[in-house]
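These notes are about the structure you will find just below.
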Amino acid sequence: MKTEELKYKLSMELEPKAPYNFDANFHKPSHFPSSDNIWRKGKYWITMVWKGRYLGLKFEDKKNKIKIDVYSKKSLPKEFIKDLTPELRYRFNFDQDISNFYNQLKNEKPLGPIIRKWEGMKPIAANSLYETLIIYIVLQNATVRRSNQMLENLFNKFGKKVKFDNKTLSTFWEPEIMEKSSEEGLRELKVGYRAKTLINLTKQFVNKDIDEFKLRKLSREEIKKDILKLYGIGPASVEYLLFEDFYFLDALEIIPPWEQKIFSMLLFNKKLVPAKKILNFFKRYKPYEKLAVHYIWEDLFWKRKHEHIEWLEKEIRL
DNA sequence: CATCAGGGCCCTG
DNA sequence: CAGGGCCCTGAT
């Protein structure tokens with residue numbers, strides 16, 4: 001595949017609402033790595049497909065501000081940037097105020113120290129709704145290695161490779177591109193029965209059955225209802241989506257089996273406790289149940305970077 | 001070699 | 001509302 005050089009660069013500085021934890025927001029160690037982004041301490045590169053253009057973004061931590069370089073193939077019109085800026089603020093959650101969470105729970109027993117350690121950590125969407133749903137579909141009923149392989153196969157078939165700031169990264173694609181593909185064509189990419197799901201879901205986006213920007217203005221229950229209409233998206237995916245893409249911090253309703261095992265060990269030091277018991281544990285953090293889960297979860301995976309946690313390694317099936 | 005489950009969801013009865 | 005089937009892969 002031909003690599004596209006993104007030669008034009010435009011820089012800006014934006015100020016996220018403090019406290020904003022750059023590294024804990026741009027990098028989520030529990031997520032599996034993918035070739036559309038790279039994180040290094042204080043720096044982050046990711047590709048973005050926005051209004052028909054393939055962009056490279058570089059973010060740099062400048063204390064209270066974040067420097068953003070937008071790379072593109074051709075120079076970008078003013079209007080384009082004017083439009084892109086609020087989208088970046090949304091995707092990287094620059095404006096959500098979570099100070100009440102900190103104030104309410106900074107001295108709570110198991111959670112306090114973790115909150116103080118990761119102050120300013122928030123959910124981050126990073127991708128468009130369509131892209132996020134693609135990721136969720138490859139996650140379903142698969143181990144991490146296979147999810148990763150499926151996503152890379154999709155990148156290679158439908159996305160591009162772009163080079164900017166000496167990094168070559170994959171991009172996602174617009175739904176119109178995948179729509180032209182057939183179910184059989186997708187099966188060659190080893191996505192298995194998800195081929196049908198990907199096609200159906202993509203068609204729903206091409207037909208504009210769903211509008212991510214309208215959804216952002218709706219209530220949790222309204223979003224849930226609309227998203228569940230999408231083919232291949234069920235309760236487990238919605239549960240993740242409400243937090244990761246729409247930033248609802250409360251209403252924890254589902255603990256997937258994999259998380260159940262890990263929280264059983266982490267919170268109760270037992271092999272497997274009922275999901276109900278774990279859900280009950282998190283009720284004490286109302287109305288920040290999901291954010292509390294996020295802090296405990298990511299803290300564990302940050303630890304894993306430099307510490308071998310035997311029981312955890314067994315649960316992370318590659 | 002066979003069998004099974006893995007960060008679910010759809011469809012059927 | 002419960003349960004079978006689904007692609008593919010690696011573990012057992």
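Sequence lines set the chain letters: A, B, ... in the order given, protein chains first and strands last, and positions in each chain run from 1. None of these values were measured; they are calculated from a predicted model.
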Note to self: Given B/dG7, B/dC9, C/dC7, identify the nucleotide with an atom nearest to the side chain of A/R146.
What the structure shows: C/dC7
Item checked: Protein-nucleotide distance (A/E184, atom CD; C/dC7, atom C1'), rounded to Å -> 14 Å
Note to self: Let's test your reading of the model: under 3.5 Å, does the base of B/dG8 pair with the side chain of A/Y193 as donor and acceptor?
What the structure shows: yes
Next item on the list: Provide, to the nearest angstrom, the distance between the CG atom belonging to A/L154 and the P atom belonging to C/dC8.
Entry: 14 Å
Next item on the list: May I ask you to evaluate whether A/S237 reaches the phosphate of B/dC9, defined as a side-chain N or O under 4.0 Å from OP1 or OP2?
Entry: yes
Checklist line | Spacing of A/E183 atom CD relative to C/dC7 atom P, expressed in whole Å | finding: 8 Å
Note to self: My understanding is that a pair needs two contacts under 3.5 Å, Watson-Crick or G-U wobble. By that rule, which nucleotide pairs with C/dC8?
What the structure shows: B/dG6
Notebook entry, point to check: Quick one: is A/R145 getting a side-chain N or O under 4.0 Å of the C/dT9 phosphate, OP1 or OP2?
Noted result: no
Next item on the list: Whole angstrom is fine here: how far is it from NZ in A/K190 over to C1' in C/dC6?
Entry: 16 Å
Notebook entry, point to check: Taking atom C1' of C/dC6 as reference, at what distance in whole Å does atom OH of A/Y231 sit?
Noted result: 10 Å
Item checked: Atom pair distance, as rounded to whole Å: CD1 in A/I255 and C1' in B/dG8 -> 16 Å
Notebook entry, point to check: To the nearest angstrom, how far is A/L198 atom CG from B/dC9 atom P?
Noted result: 14 Å
Next item on the list: State whether A/K261 places a side-chain N or O below 4.0 Å from either non-bridging phosphate oxygen (OP1 or OP2) of B/dG6.
Entry: yes
Margin query: If you count every heavy atom of other residues, nucleotides or ligands that lies below 6.0 Å from A/E315 atom CD, does the total exceed 12?
Written below: yes
